[in-house]
Amino acid sequence: MARHRIMGANSRILAAAFGVVGVTALAAVWTAQSGTAEADPGASPSPKPTPIVGQTSKPDPELPDPVVNMDIAHASDKGAKGVNITIDDGPDPTWTPQVLQVLKANGVKATFCMVGPQAQAHPDLVKDVVADGHRLCDHSVSHDTTMDAKSSAYQSKEILDAQRMITKASGGVKPLYYRAPGGAFTPYSRQIAASQGMRPLGWNVDSKDFKQPGVETEVNTVKNEISNGPTVLFHDAGGDRGQTVEALRQVLPWLKEQGYSFGFPVR
């Protein structure tokens, strides 16, 4: 069952319960819950403010020290005209190879946010992703979009177990990012991820491909919203991703024509 969450944007948010202060964002950002099940096109979005890049988080001295920035990244290492293509919920034996083919044909490197058991089940695909020069991202074990309401022990297990699964499947290449399912970040989960060298990763543009709205709609969503910020969300699992493959095939050349270059999220 897919569920969609809104990440806070264009507002100043105060997460008083955690002592985290948000700052003004440039855009609304979204994500999908799909995991390994079929996506639910009838799913309704529910608002969920989360911290965003630049929030000047203060690490908890009781937790391991972050070794990378624990604030949620949205920016590109290619600067103002950079685009980060991010691919969630795989790998999937049907769709991941097709996504890789389109990326290769366009000379684009992407960040693959993998669900731990999916990586464990398809280590050959994880290795293919790495061999093509893409980066890995930890997307938890069970893709639980309510994990921010769960215990610290649960959050830690979801993140660290997935990290181990992905690293083993890749042949030793560790994820460089952590993307919370549905944007369900907490200060605790961000610091745990950052202590393992995984920068928390947000997004600026959601193609909404999990709803299978049609190729034209997905392409137009990216075209219309890319001014919101560089990090674009697609999926390679959780349902039929034929529309995603075709949307990537169309939108990647368009982005190049507009003068964008493709990079990775900042760390």
Side-chain angles (χ1 to χ4, degrees), residues 31-36 50 53 63-77 84-92 96 99-100 103 108-145 147-148 154-186 188-203 230-238 262-267:
T31 197
Q33 156 70 14
S34 53
T36 59
T50 62
V53 67
L63 297 179
D65 290 335
V67 297
V68 294
N69 193 322
M70 63 179 278
D71 290 345
I72 299 173
H74 295 87
S76 174
D77 63 5
N84 307 320
I85 300 297
T86 63
I87 312 292
D88 281 19
D89 295 356
D92 178 273
T96 302
V99 169
L100 287 172
L103 293 172
V108 173
K109 306 302 181 187
T111 301
F112 283 76
C113 299
M114 296 184 175
V115 176
Q118 288 292 103
Q120 189 174 52
H122 306 290
D124 54 331
L125 295 178
V126 182
K127 292 180 176 68
D128 287 345
V129 167
V130 171
D132 281 359
H134 306 294
R135 288 187 179 177
L136 301 176
C137 171
D138 179 336
H139 202 34
S140 82
V141 172
S142 57
H143 203 292
D144 180 358
T145 61
M147 64 184 289
D148 56 335
Y154 176 86
Q155 294 178 53
S156 179
K157 184 173 177 60
E158 282 283 307
I159 295 166
L160 300 182
D161 283 0
Q163 180 195 37
R164 285 189 286 270
M165 291 176 185
I166 295 165
T167 301
K168 183 177 180 180
S170 71
V173 179
K174 295 181 178 180
L176 297 180
Y177 308 93
Y178 165 65
R179 174 173 276 167
F185 288 102
T186 66
Y188 177 88
S189 68
R190 291 187 291 108
Q191 187 166 339
I192 287 296
S195 74
Q196 299 297 311
M198 297 184 293
R199 177 77 185 263
L201 176 59
W203 62 93
T231 304
V232 185
L233 172 63
F234 286 98
H235 297 81
D236 62 344
F262 296 93
F264 296 111
V266 294
R267 283 183 31 87

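For the numbers below, each heavy atom of this structure counts, side chains included, while hydrogens, waters and symmetry mates do not. Keep in mind that what you see is a predicted model, and the values were worked out from it rather than measured.
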Considering only heavy atoms from C-beta outward, does the side chain of [X] approach that of [Y] to under 4.5 Å?
X: Lys109; Y: Leu103; result: no
X: Lys174; Y: Leu136; result: no
X: Val67; Y: Ser195; result: no
X: His143; Y: Thr145; result: yes
X: Val129; Y: Pro91; result: no
X: Lys168; Y: Gln120; result: no
X: Cys137; Y: Leu176; result: no
X: Ser140; Y: Ile159; result: no

More than 12 heavy atoms of other residues, nucleotides or ligands under 6.0 Å from NZ of Lys157: is that the case?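 Incorrect, the count does not exceed 12.
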Spacing of [atom1] belonging to [X] relative to [atom2] belonging to [Y], to within rounding of 0.5 Å:
X: Gln155; Y: Met147; atom1: CD; atom2: CE; result: 5.5 Å
X: Arg190; Y: Arg199; atom1: CZ; atom2: CZ; result: 10.0 Å
X: Gln118; Y: Ile166; atom1: CD; atom2: CD1; result: 11.0 Å
X: Met165; Y: Leu160; atom1: CE; atom2: CG; result: 11.5 Å
X: Met114; Y: His139; atom1: CE; atom2: NE2; result: 11.5 Å
X: Arg267; Y: Leu201; atom1: CZ; atom2: CG; result: 11.0 Å

Strictly distance-based, threshold 3.5 Å: is any side-chain N or O of Asp236 a donor or acceptor partner for the main-chain N or O of Val99?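 Not confirmed, Asp236 side chain does not pair with Val99 backbone.
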Ignoring hydrogens and angles, tell me if any N or O in the side chain of Thr167 forms a donor-acceptor pair with the backbone of Gln163 under 3.5 Å.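 Judged by distance alone, yes, a pair lies under 3.5 Å.
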Which heavy atom in [X] sits nearest to a heavy atom in [Y], and how many Å separate them?
X: His74; Y: Thr231; answer: O-OG1, 2.6 Å
X: Ala119; Y: Ala169; answer: O-CB, 3.3 Å
X: Asn69; Y: Asp71; answer: OD1-N, 2.7 Å
X: Ala162; Y: Asp138; answer: CB-OD1, 3.3 Å
X: Ala194; Y: Met70; answer: CB-CB, 3.7 Å
X: Val266; Y: Ala73; answer: O-CB, 3.7 Å

Are Asp161 and Arg164 ion-paired here, with the side-chain N under 4.0 Å from a carboxylate O?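 Answer for the salt bridge query: yes.
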Stepwise salt bridge (charged side-chain N to carboxylate O under 4.0 Å, His left out) test for Asp88 and Arg179: CA-CA 9 Å; Asp88 281 19; Arg179 174 173 276 167; 2.8 Å; yes
Report the C-alpha separation of Tyr178 and Cys113 in whole Å, then their side-chain angles, then the decisive distance to 0.1 Å, and conclude whether the side-chain contact (heavy atoms from CB on, under 4.5 Å) test is met. CA-CA 8 Å; Tyr178 165 65; Cys113 299; over 6 Å; no
I want to know whether Phe264 and Tyr177 have ring centres closer than 6.0 Å.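 No, the ring of Phe264 stays outside the 6.0 Å limit from the ring of Tyr177, centre to centre.
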Does the pair Val130 and Arg135 meet the rule for a side-chain contact (heavy atoms from CB on, under 4.5 Å), with working shown? CA-CA 7 Å; Val130 171; Arg135 288 187 179 177; over 6 Å; no
Residues Tyr154, Ser189; criterion side-chain contact (heavy atoms from CB on, under 4.5 Å); working and verdict: CA-CA 10 Å; Tyr154 176 86; Ser189 68; over 6 Å; no
